[in-house]
Amino acid sequence: MTLPRYTRGPVPRSAACALAFATLLASAAPAPAQVPARSADPAVRGIPRSAFPRLVPLAPGVYGYEEIRAPGFTTVSLVVVGDSGVLIADGQGSPSATQRLLDEIRTVTARPVRWYVVGSDHGDHTAGNSVLPPGVTWIVHPNSQRQLQQDAVAADAANARTGSSAAGATPSPPRLVVVPPQAMTGDREQVDVGGRVVEVRFLGRAHTGGDLMVHLPGEKLLFMSEAYLNRVFPAMRSAYPAEWVTVLDRALAMDVTRFVPGHGFIETPRVSREELVAFREALRAVIAEVTRLHARGLSADAAVREADWGSYRDWFLAEQQGPIAVRRVYQALDGSLPRDTR
Ligand SMILES: [Zn+2]
């Protein structure tokens with residue numbers, strides 16, 4: 001992969017002298033705009049923790065919301081303000097984090113939050129859903145609704161266990177998984193938020209199996225939730241690897257100029273497309289490497305040890321997500337992933 005990399009560290013003395021001279025010559029010219037590093041790591045991009053959370057204006061009344069979660073990368077929500085109310089796609093990972101998102105929305109509009117799209121059903125995007133306003137209209141894919149139902153049962157059981165064993169100890173707060181009351185019946189749903197139409201799209205199974213995206217045709221913008229992880233190693237715990245690549249091809253073929261990720265930074269339109277292509281290539285490379293090891297007859301454990309991710313080993317979370325990707329692609333190759341039941 002040949003995307004630019006930006007090195008940090010001391011400048012050699014001869015280069016420093018040349019740089020000083022060049023600076024002297026160029027002192028009358030305006031300073032060139034800072035180009036952000038291609039990384040999901042705020043430190044590499046030079047952004048302090050105190051800058052988060054932040055609303056990133058994308059178009060009039062449209063914002064991305066970047067908040068930092070452990071282990072130090074951004075989780076992105078989308079906020080669309082219509083004349084009749086506000087639509088949110090994806091929440092954050094705890095009630096307090098999602099409350100903070102709601103508080104930030106109050107700084108740009110007094111209109112009520114009326115629609116909530118489950119882009120990803122994973123906890124880092126849904127565990128704060130209990131603070132959403134009552135009466136909010138849910139837009140969720142049936143696969144994600146089913147997953148949230150299972151999560152709610154598991155959370156109830158865990159809460160019951162904690163409750164019964166907590167005599168004398170400080171009980172931890174119960175985990176509350178909200179199950180959306182209804183799910184989409186097709187692959188596309190239009191929401192009239194007042195003054196603009198928002199399209200919710202299911203382009204196929206990708207990161208979770210119920211991946212929803214929000215398309216703003218007027219703004220040529222696509223919020224992709226976790227189907228697009230910007231400079232984050234492909235996270236495949238519940239993914240459908242080959243179908244995910246197809247989903248990205250479909251997204252790239254849409255009339256869209258700006259692609260917004262679910263993790264990693266929101267980029268300028270041109271860079272957002274370059275990075276989505278780079279992410280698709282990362283997915284392809286990971287699948288190809290695991291397929292190579294599988295064809296050699298290695299066990300999944302051996303493949304975890306042998307896998308060579310090339311330049312992707314520098315992507316965020318590679319060490320943690322690499323072994324998970326190996327096991328998931330093995331499941332796919334062995335035919336043990338759930339079938340697409342649509
Ligand atoms: Zn996530």
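Counting starts at 1 for both ligands and their atoms, following the listed order. Keep in mind that this is a model prediction, so the values were computed, not measured.
With salt bridges taken as basic N to acidic carboxylate O contacts below 4.0 Å, one links Asp249 and Arg280. Ion pairing of Asp211 with Arg205 is absent here, as no side-chain N (NZ or NE/NH1/NH2) approaches a carboxylate O to less than 4.0 Å.
Nearest N, O or S atom of His125 to the Zn ion (ligand 1): atom NE2. When distances from the Zn ion (ligand 1) to the N, O or S atoms of Glu226 are compared, OE2 comes out shortest. Nearest to the Zn ion (ligand 1), among the N, O or S atoms that Asp124 has, is OD2.
Among the backbone and side-chain atoms of His263, an N, O or S atom lies under 2.8 Å from the Zn ion (ligand 1).
With sequence neighbours left out, Tyr330 forms a side-chain hydrogen bond (donor to acceptor under 3.5 Å, both in side chains) with no residue at all.
For residues 234-257, the pairs satisfying ring pair (Phe, Tyr, Trp, His ring centres under 6.0 Å) are His207-Trp244, Trp244-Phe279, with sequence neighbours left out.
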